[in-house]
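We name chains A, B, ... by the order of the sequence lines, and we start the count at 1 in each one.
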Protein chains: 4
Amino acid sequence: MATLHDDKKARLDNDAADQLITSDNPEHPANLIPSLCAKFWTLGWVTGTGGGCSIRDEDLVYIAPSGVQKELMKNTDIYVLSLSAQEPTLKQRSYLRSPPCYKPSQCTPLFLAAFTRRNAGCCIHTHSQWAVLVTLLLEAQGPGLDKVFEINNIEQIKGFARGTTKQGNLGYHDTLRIPVIENTPHEEDLTEYLEEAMYRYPDTYAVLVRRHGVYVWGDNVHKAKTMCESLDYLFQLAVEMKKLGIPWISDIARVAPDRP
Amino acid sequence: MATLHDDKKARLDNDAADQLITSDNPEHPANLIPSLCAKFWTLGWVTGTGGGCSIRDEDLVYIAPSGVQKELMKNTDIYVLSLSAQEPTLKQRSYLRSPPCYKPSQCTPLFLAAFTRRNAGCCIHTHSQWAVLVTLLLEAQGPGLDKVFEINNIEQIKGFARGTTKQGNLGYHDTLRIPVIENTPHEEDLTEYLEEAMYRYPDTYAVLVRRHGVYVWGDNVHKAKTMCESLDYLFQLAVEMKKLGIPWISDIARVAPDRP
Amino acid sequence: MATLHDDKKARLDNDAADQLITSDNPEHPANLIPSLCAKFWTLGWVTGTGGGCSIRDEDLVYIAPSGVQKELMKNTDIYVLSLSAQEPTLKQRSYLRSPPCYKPSQCTPLFLAAFTRRNAGCCIHTHSQWAVLVTLLLEAQGPGLDKVFEINNIEQIKGFARGTTKQGNLGYHDTLRIPVIENTPHEEDLTEYLEEAMYRYPDTYAVLVRRHGVYVWGDNVHKAKTMCESLDYLFQLAVEMKKLGIPWISDIARVAPDRP
Amino acid sequence: MATLHDDKKARLDNDAADQLITSDNPEHPANLIPSLCAKFWTLGWVTGTGGGCSIRDEDLVYIAPSGVQKELMKNTDIYVLSLSAQEPTLKQRSYLRSPPCYKPSQCTPLFLAAFTRRNAGCCIHTHSQWAVLVTLLLEAQGPGLDKVFEINNIEQIKGFARGTTKQGNLGYHDTLRIPVIENTPHEEDLTEYLEEAMYRYPDTYAVLVRRHGVYVWGDNVHKAKTMCESLDYLFQLAVEMKKLGIPWISDIARVAPDRP
């Protein structure tokens, strides 16, 4: 039975928790996630509460809740958890701060996979129609051919990092490869497929989910966001190329030598 | 012949009526309808004064007027009526508050059908081109095949509630079914077709209108708006799938078991 | 040779002229044209200084200048002329107010045709790609078939007035007909073609210009703007219908009787 | 080893450098580049840090840095250099003002080519998908046919200047020709191809880069920006024409004589 003392402590705890998402700095994760999500909504990435975004600041992870209208999100809607305090084998997570009236996002274990396995600082999940259409086009090519999206010789590929274990960005003549994983009825069940794809493609910064969307991560918000934009640009271009009968992979003669 | 006393009473009545649409709270229906409609205008849902939106707060129903530019609407443009005070068999309705210079929306009986027959809290009507194109594509399949839009195995389907009589939302492997009703020269005449579709599809939260658009409702503004977004996303995706030769219904092997 | 007296008079004249375009009222034509044009720019109607908008208030006509970036226009950019003071046979026009640094719009005689021959209160000219594509699709059907755009059985048609000499708007089963005129190297030379189309289609509120765009007018700003939106919606829908193999004219069985 | 005197001098230098990018005037290049780039981002021209914009004011050249999110740019991000102080044969450039934390844009030598060889006042580089798709469609026509984009008899062509050595803008019946150059792994290596295209097309104000985007310049910001808009409109229209089977070049009978 709660005593006056307990009540006071609970209030203090709430105050301390709310300090985690209170800042005048627009770059603070609790302010940045809402402003990013509002921008993503206008891009059609997080329609109808789909998709999401999570930012890691050292050990603290900030995550948008489930089922929120992404263009209306506020800092007070944000969950906060300690990355090191999570039990990886348990699906039950402990939160430093939970907003009232919401449930945790089903994307949470996927965001955590990017943070723990790739040391990412930010992970973005979109339901972009271009991502979905790319997976549908791959699927239509038949079994076995639907496992990886490949495109080369497009300038925007240079907006993508070469890999977790490599320096710099991809070059114009390089082939960008984004693995495609199966979708599952429950988003949390995607985690093992995502981790398997991370294992098989150690340099990838993104994974497509069949008939669902894409997960993109980066060392920080800037890198995750600009790679996600570049990738969405390439998905849209790929769909338009398909409509016009232009193949995604081409053999362009090099007109100038590569330089280091 | 009006007396001084009548004049004063009329003024008081107007004041009382205007209080129904006057609030500092942006979540008040008379403020929310204009801000939603401005957003819908940017999405192409309410172009050229088409479409509309109505919110029910207990017994009070707030409706945008006919023929108003949706991105410019103000709270003072809103009609208010009492749901319980309407005579269902009469097309003549009595309004608690009527804006000067406007006519009631022809969508009114359709909005009322969602409120009375489904206990909805919000109903949105769009002229989205994607909705119209989906009905045209169904029509092109021939008579009998144009009565229901069906799509499955797309993640965004999970943004749609399972049904009025069921718990939770649809799953990834479920088939979303939206009935299509005939269009009529006068929008009010759609009401019986809408009600018939509600009767035949007791769990649907939306009805397509052939060559016209879609009606979507929900228990509250949040649900109606996010389901309308998810549906429009699916309509757009379906049109693009058709351009690319990809069928709307597929048989995807389940890679993970369903969980309760 | 200018005297001090002349200089003072010229300044007074400029002051009087500037009063024509100075108002705190956002509905004043000199404020409304810039805000409308900024909105039209986001719709892709007035890209690259193309297109324009003119409003008539009784005898005064307000026109945007030639070659201005439409999303950046200011009230001080606006020309004003007296409709009754124009010599219809002369191409040289006299302006009550001319902005410095600009030239009059080549659309001026076309706007004036809508004002004098149809008593319009507002005329909008867009370079919308959907309008251009519709004229290209008609042209591809062969000579003689490219003279009028026709579509029926689409709800948005009801956003269009039945005609200058008729009451009310078109019905769902009516066929909307928009004549197409030839383009000319100089926009001013379009005037006689526009006037001829007005003569042959006495009820039309819009004229398509082949490979160029569309002129839409109305009794006031509200009607011109909402009809222009509805028409652009129909042009875009028509292009998408063509891509999907759906004809613009159909024979839909009437499911409910027309009512007066 | 730095002395107190050196430190003070360095601070003064920084102050003087920062004065180059500090102004209350929104038309100042250091303010205009960020506002233009934010607008270009909404148009999809500078997605994922791609593309850019440079303005020349007499001898001073203002350039956005490499890898910046274009919709978030600030005046303090801008590089400034003296055009006359550059060694044309050296790739190493000296900057009057360099922002901390950034690298110079790889587009710099291409912007400088527009300023030095064409006396341009502004140069815009976009990654617009329409530009990329036009180069892909030309490439699909086969070798030799991919060297120039040509379109005629579209009104929007009149938004393009006739040429560096000619008066006025193109006419409706004129053919707009935009040369296409090869893409190179390193953007700086494009410079010689760009300069060669400038030499072979002495009147062009734009050059397409295969599978990459477009460079557009003009005598001032207004001209470069409005020509870039007109060109992007034409690229988009050309892609839609291709989808609908309509050729880019047509032989339209002149219905009215050309006038001087």
Side-chain angles (χ1 to χ4, degrees), chain C residues 38 41-42 44-51 66-72 91 101 106-107 125-141 143 146 181-193 196 209-214 236 238-245, chain D residues 26-27 32 35-36 39 42-44 130 151-161 168-174 216 218 220-248 250-260:
Chain C
W41 187 84
T42 68
W45 290 1
V46 291
T47 300
T49 83
S66 177
V68 70
Q69 293 181 60
K70 292 295 188 298
E71 84 277 21
L72 302 179
K91 297 230 167 174
C101 322
Q106 283 217 353
C107 307
H125 171 43
T126 90
H127 282 196
S128 165
Q129 297 205 2
W130 310 114
V132 173
L133 287 167
V134 159
T135 70
L136 289 167
L137 286 168
L138 288 169
E139 181 187 310
Q141 294 183 2
D146 59 346
I181 62 174
E182 283 298 322
N183 198 26
T184 55
H186 293 273
E187 193 138 9
E188 295 193 331
D189 296 333
L190 283 176
T191 314
E192 62 183 291
Y193 295 94
E196 186 198 335
V209 186
R210 188 172 164 184
R211 295 170 169 269
H212 180 153
V214 68
Q236 180 176 2
V239 171
E240 293 298 304
M241 289 169 78
K242 183 66 74 172
K243 287 184 190 165
L244 294 162
Chain D
E27 300 297 314
L32 203 47
S35 66
L36 283 169
K39 191 178 286 186
T42 68
L43 295 172
W130 311 114
I151 195 166
N152 69 359
N153 293 314
I154 301 290
E155 178 71 10
Q156 195 76 29
I157 290 171
K158 290 162 70 173
F160 227 74
N169 277 18
L170 290 171
Y172 170 60
H173 290 305
D174 289 328
V216 185
N220 51 46
V221 172
H222 173 90
K223 289 186 181 178
K225 187 253 193 186
T226 58
M227 286 201 286
C228 195
E229 281 187 34
S230 290
L231 206 50
D232 200 57
Y233 170 107
L234 290 165
F235 292 152
Q236 180 176 3
L237 188 70
V239 172
E240 293 297 305
M241 288 168 78
K242 183 64 74 172
K243 287 184 190 166
L244 294 162
I246 298 165
W248 296 343
S250 64
D251 185 16
I252 302 290
R254 289 169 190 250
V255 294
D258 271 15
R259 292 183 306 158

- Query: Between C:Gln69 (side chain) and D:Thr226 (backbone), is there a donor-acceptor pair under 3.5 Å?
  - Reply: no
- Task: Output the distance between atom NZ (C:Lys70) and atom CD (D:Glu229), rounded to the nearest 0.5 Å.
- Result: 10.0 Å
- Do the non-hydrogen side-chain atoms of C:Leu137 and D:Ile246 ever get within less than 4.5 Å of each other? yes
- Query: Is there a donor-acceptor contact under 3.5 Å from the side chain of D:Glu155 to the main chain of C:Gly50?
  - Reply: no
- Counting distance only, does the side-chain N/O of D:His222 pair as donor-acceptor with the main-chain N or O of C:Gly67 below 3.5 Å? yes
- With rounding to the nearest 0.5 Å, note down the distance linking OG1 in C:Thr184 to NE2 in D:His173. 8.0 Å
- Note on the structure: Most contact-rich option vs chain D, by heavy-atom pairs under 4.5 angstrom, among C:Val239, C:Thr49, C:Leu133, is C:Leu133
- For C:Trp130, all residues meeting ring pair (Phe, Tyr, Trp, His ring centres under 6.0 Å), sequence neighbours excluded: none
- Are D:Glu240 and C:Lys243 within salt-bridge range, i.e. N to O under 4.0 Å? yes
- Starting at CH2 of C:Trp41, measure out to NZ of D:Lys39 and round the result to the nearest 0.5 Å. 5.0 Å
- Query: What distance do D:Asn153 atom CG and C:His212 atom NE2 have between them, rounded to the nearest 0.5 Å?
  - Reply: 13.0 Å
- Report the distance from atom CG of D:Leu234 to atom OG1 of C:Thr47, rounding to the nearest 0.5 Å. 10.0 Å
- Just wondering, do D:Leu244 and C:Leu136 contact through their side chains at under 4.5 Å, heavy atoms? no
- Message: Among D:Met227, D:Met241, D:Gln236, which residue has the highest count of heavy-atom pairs closer than 4.5 Å to chain C?
- Response: D:Gln236
- Query: With a 4.5 angstrom heavy-atom cut-off, which part of C:Glu139 approaches chain D: side chain, backbone, both or neither?
  - Reply: side chain
- Segment of D:Ile157 engaging chain C (4.5 angstrom heavy-atom cut-off): neither
- Note on the structure: Value for CG (D:Asn152) from CZ (C:Arg211), rounded to nearest 0.5 Å, stands at 7.0 Å
